[in-house]
Each structure stands twice: as structure tokens, then as C-alpha cells.
Amino acid sequence: DRDAPSAQGHAHLLGSALARLRMSMTAMPFMALLFGLLLLREGGDPTGWVIWGGFYLPSVWGMWRLYRRYRTEQRAGMPMERLAWWQRRIQVLAACHGLALALTVLLPGGDASYDYMLLLHATLIGIGAANAGQMTASMQVYRAFFYSLSTVLLPMPWTFPEHWTFIVPMSLVMSVVLLRSASNAHRFFVRQVVLEERSRDLAHRYREASQAAHSALEEKTRFLSTAAHDLRQPVHAMGLLAEAIALRSQGQPAMEALVAQWRLSMRSVSQMFDALLDLSRIESGTMALRPAPVALAPLLADLHAQFLADA
């Protein structure tokens with residue numbers, strides 16, 4: 001399929017999604033610190049945030065190692081079977097990340113205010129929207145993350161006991177819009193990769209065609225040079241023969257006129273071979289073109305003699 005990326009293109013898309021997942025997970029300890037301090041300010045217990053952020057610290061370290069390993073295999077060339085293995089593994093990691101984010105609404109333990117929980121839910125929506133920007137390079141990875149994150153809707157009757165009847169429908173509508181935007185972003189990513197691969201393929205074909213044309217030009221130049229050199233020898237022999245006949249036919253006007261025409265023909269053939277040699281030197285770059293004055297009278301006389309019979 002011309003509109004589908006190659007295995008290398010799929011690996012590039014999956015690598016982009018993995019890079020976004022890595023950056024998203026890297027930001028989680030800072031999120032835990034900020035929301036923990038905010039909860040402490042409100043008089044709540046930040047222990048849940050401390051445990052949650054502490055869980056992410058080794059996860060982030062492992063994620064960076066995993067990303068370097070993926071890039072190493074990608075540069076070495078990844079077969080489709082290995083790519084499918086990475087796809088499943090990254091989807092599981094994205095689902096775990098989304099589920100861990102959804103669990104954050106349970107961390108305050110009922111000690112948070114309405115404004116605190118509203119800010120937390122807005123932050124989760126922002127994380128989902130931000131990850132839609134690059135994680136959608138692999139739509140399967142983003143769906144695993146998004147559907148896991150969407151479980152944050154389940155405890156809404158408990159987190160917003162007085163307002164969940166309109167917060168839940170509004171969140172559902174926003175989720176549908178976000179998923180649709182993510183699908184459009186995914187198509188854009190795929191299109192970009194396909195266009196890049198086509199550009200590289202066209203550039204490769206152009207280099208091959210250019211090299212073939214250059215080789216053909218060199219071959220033609222060698223042929224013209226060899227042919228002109230080899231054919232010059234019989235022409236010289238014919239010229240010597242013409243001179244010998246001219247010496248023996250002195251005093252015979254008819255023979256002298258014929259020999260003169262013969263000499264002119266030999267000179268024309270010799271000039272043609274010289275022109276072939278000059279052409280081969282010009283095309284190979286070994287001869288520089290230098291403008292010079294040309295005597296028109298001998299040139300026109302040669303043209304008159306060459307085309308007199310046709311005229």
C-alpha cells in the first residue's frame with residue numbers, strides 16, 4: 001500500500017509515541033510534588049501522593065533505559081516480528097501510565113476541597129490532550145493510554161457528589177472530541193512519514209539515474225575517442241595513396257581533378273574525426289572552450305565543396 005508506511009516508518013512512529021510516553025512519565029514526580037504540597041496546604045494528608053510519586057521514580061529510570069534500547073534496535077534495523085513485540089510492550093506501559101493517572105483522584109482520600117479536585121481533573125484532561133500531540137504517532141499506544149485514563153470517570157459520583165450529574169456528561173463529550181482530534185493527528189503523522197519515505201525513495205532513484213547517465217556519458221566518450229583514433233589510421237593510408245596517385249598522374253588533367261577531389265574528401269573526413277575527438281574531450285571536461293577568430297573563406301570553400309554534389 002503506497003499510503004502506508006514501511007516497517008522502518010512504523011518503527012519511527014512507534015519511537016515517537018514511546019518518546020512522548022517517556023516524557024509524560026518523567027513529569028509525574030513533579031506533579032506528585034505540586035499536588036502533595038497543595039493538599040498539605042489545605043490540611044490534607046499527602047502520603048498518597050508521596051507513595052505515588054515514589055513509584056514513578058524507578059519507573060522513569062527504567063523508561064529511559066527502555067527508550068535507549070529501542071533506539072539502538074531501531075538504528076540496527078528492526079524486523080516486523082520484533083516491532084510487533086515492542087508494540088505490545090509499549091501499549092501495556094501506556095495503559096499502566098493512564099491507569100496510574102486515573103488513580104490520582106483517590107489519593108486525597110476525601111480531604112480535598114471541590115476546587116482541588118476540579119483542578120486535578122482539569123490537569124488530567126490537559127495531560128490527555130498534551131499526549132495527543134505526539135503519542136498519537138502510534139494510535140494503538142494512545143488508545144491504550146486514553147482508555148485507561150478514562151477510568152477516572154468511574155469514581156466521579158464520589159469525588160463530585162453534588163455535581164457529577166453534569167460533570168460526567170461534559171467529560172464524556174470532551175473525551176469524544178479529544179479522541180477524534182487524536183485520530184486526525186495520527187493520520188497527519190502517518191502522512192508525514194509516508195511523504196518522507198517517498199522523498200527518500202525519489203532522491204535515491206535520482207542518484208541512481210544520475211550515476212547511470214554519467215556512466216553512459218563516460219562510455220560514449222571512450223567509444224568516440226577510440227573510434228576516432230582507430231578510424232584515423234585507414235584515412236591516413238588513403239591520404240598516402242592519394243598522394244602516390246597524384247605523383248603518377250602528373251600532366252593528366254582529368255586525373256589531377258579527381259585526385260584534388262579525393263584530397264578534399266580526405267580532409268573532410270579528417271576534420272570530422274577531429275570534431276569527434278574534440279566533442280569527447282569537451283564532454284569529459286578535459287578541453288576548455290576558448291573563443292577564437294575563424295577564417296570564413298576557407299570554411300565556406302569547404303562547405304561548397306562538400307555540398308556541391310547535393311546542390
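Only this structure's heavy atoms are used, side chains among them; waters, hydrogens and symmetry mates stay out.
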- Query: What side chain to side chain donor-acceptor pair (under 3.5 Å) pairs are there with at least one residue in residues 19-42, not counting sequence neighbours?
  - Reply: Arg20-Asn131, Ser24-His97, Ser24-Asn131, Thr26-Trp64, Glu42-Ser113

- Nearest heavy-atom approach of Val141 to Gln87 is CG2-NE2, 3.7 Å

- Query: Given the rule in the side chain to side chain contact (heavy atoms under 4.5 Å, CB included) test, do Met25 and Leu93 qualify, once you have shown the distances and angles that lead to the verdict?
  - Reply: CA-CA 10 Å; Met25 293 178 64; Leu93 291 172; 5.6 Å; no

- Message: With salt bridge (Lys or Arg N to Asp or Glu O under 4.0 Å) as the rule and sequence neighbours excluded, what pairs involving residues 47-70 come up?
- Response: Arg69-Glu73

- Task: Applying salt bridge (charged side-chain N to carboxylate O under 4.0 Å, His left out), name anything that partners Arg88, two or more places apart in sequence or on another chain.
- Result: none

- Does Leu99 belong to the same Ile/Leu/Val/Met/Phe/Trp/Tyr cluster as Leu153, with side-chain heavy atoms less than 4.5 Å apart forming each link? no

- Query: Can you name the residues that form a side chain to side chain contact (heavy atoms under 4.5 Å, CB included) with Leu13, not counting sequence neighbours?
  - Reply: Pro5, Ala137, Phe189, Val190, Val193

- Check: Arg200 main-chain N/O paired with His204 side-chain donor or acceptor under 3.5 Å: no

- Exceeds 12 heavy-atom contacts within 6.0 angstrom, atom CZ of Phe188: no

- Item | Side-chain donor/acceptor of Tyr116 to backbone N/O of Phe35, under 3.5 Å | yes

- Applying side chain to side chain donor-acceptor pair (under 3.5 Å) to Ser6 and not counting sequence neighbours gives Glu197

- Note on the structure: Residues Ala182 and Tyr142: closest non-hydrogen pair is CB-CE2, 3.4 Å

- Message: For a side chain to side chain contact (heavy atoms under 4.5 Å, CB included) check, start with the C-alpha distance between Leu83 and Met80, then their side-chain angles and the critical distance, and finish with the verdict.
- Response: CA-CA 5 Å; Leu83 183 61; Met80 288 300 297; 4.2 Å; yes

- Is Ser210 reaching over with its side chain to a backbone N or O of Tyr206, donor-acceptor style, under 3.5 angstrom? no

- Message: For Trp86, give me all partners under ring-ring contact (aromatic ring centres under 6.0 Å, His included), at least two apart in sequence or on another chain.
- Response: Tyr70

- Item | Residue pairs, two or more places apart or on separate chains, that pass side chain to side chain donor-acceptor pair (under 3.5 Å) and touch residues 143-154 | none

- Does any pair with a residue in residues 7-17 pass side chain to side chain donor-acceptor pair (under 3.5 Å), and if so which ones, sequence neighbours excluded? none

- Item | Shortest non-hydrogen contact between Leu119 and Leu38, atoms and distance | CD2-CD2, 3.7 Å

- Minimal heavy-atom distance between Ser175 and Phe146, with the atoms involved, is O-CZ, 3.3 Å

- Message: Is there a path of hydrophobic side-chain contacts, each under 4.5 Å between heavy atoms, that joins Ile51 and Leu37?
- Response: no

- Query: Which hydrophobic side chains are connected to Trp61, either touching it within the sub-4.5 Å cutoff or through other members that do?
  - Reply: none

- Query: Within the distance-only criterion (no hydrogens, no angle test), does the side chain of Trp52 pair as donor or acceptor with the backbone N or O of Met28 below 3.5 angstrom?
  - Reply: no

- Task: State plainly whether one hydrophobic cluster holds both Ile125 and Val105, where clusters connect Ile, Leu, Val, Met, Phe, Trp and Tyr through side-chain heavy atoms under 4.5 angstrom apart.
- Result: no

- CG on Leu66 to CZ on Arg71, rounded to 0.5 Å: 11.5 Å

- Item | Partner residues of Arg205 under the salt bridge (charged side-chain N to carboxylate O under 4.0 Å, His left out) criterion, sequence neighbours left out | Asp201

- Query: Atom CG of Leu39 and atom CG of Leu34: how far apart are they, to the nearest 0.5 Å?
  - Reply: 12.5 Å

- If only atom types and distance count, is the side chain of Tyr67 paired as donor or acceptor with the main-chain N or O of Gly15 below 3.5 Å? no

- Message: Please determine whether side chain to side chain contact (heavy atoms under 4.5 Å, CB included) holds for the pair Trp49 and Leu33, giving the CA-CA distance in whole Å, both sets of side-chain angles, and the decisive distance to 0.1 Å.
- Response: CA-CA 7 Å; Trp49 282 108; Leu33 177 62; over 6 Å; no

- Give the cluster check for Phe55 versus Leu124: same hydrophobic cluster or not, with ILVMFWY residues linked at side-chain heavy-atom distances below 4.5 Å. yes

- Query: Can you name the closest pair of heavy atoms from Met31 and Leu101 and give their distance?
  - Reply: SD-CD2, 4.3 Å

- Item | Trp85-Leu21 co-clustered via ILVMFWY side chain contacts under 4.5 Å | yes

- Do Leu120 and Thr104 have side-chain heavy atoms sitting under 4.5 Å apart? yes

- Message: Quick check: closest heavy atoms across His186 and Thr136, and the distance to 0.1 Å?
- Response: ND1-O, 2.8 Å

- Note on the structure: salt bridge (charged side-chain N to carboxylate O under 4.0 Å, His left out) filter on Glu196, not counting sequence neighbours, yields none

- Message: With side chain to side chain contact (heavy atoms under 4.5 Å, CB included) as the criterion, how do Leu18 and Leu14 come out once you've worked through the C-alpha distance, each side chain's angles and the decisive distance to 0.1 Å?
- Response: CA-CA 6 Å; Leu18 179 59; Leu14 186 58; 5.7 Å; no

Pairs of donor and acceptor atoms involving the side chains of residues 154-173, under 3.5 Å and at least two apart or interchain, shall be tabulated with distances.
residue	atom	partner	partner atom	Å
Thr159	OG1	Pro155	O	3.3
Thr159	OG1	Met156	O	3.3
Ser171	OG	Ile167	O	2.8

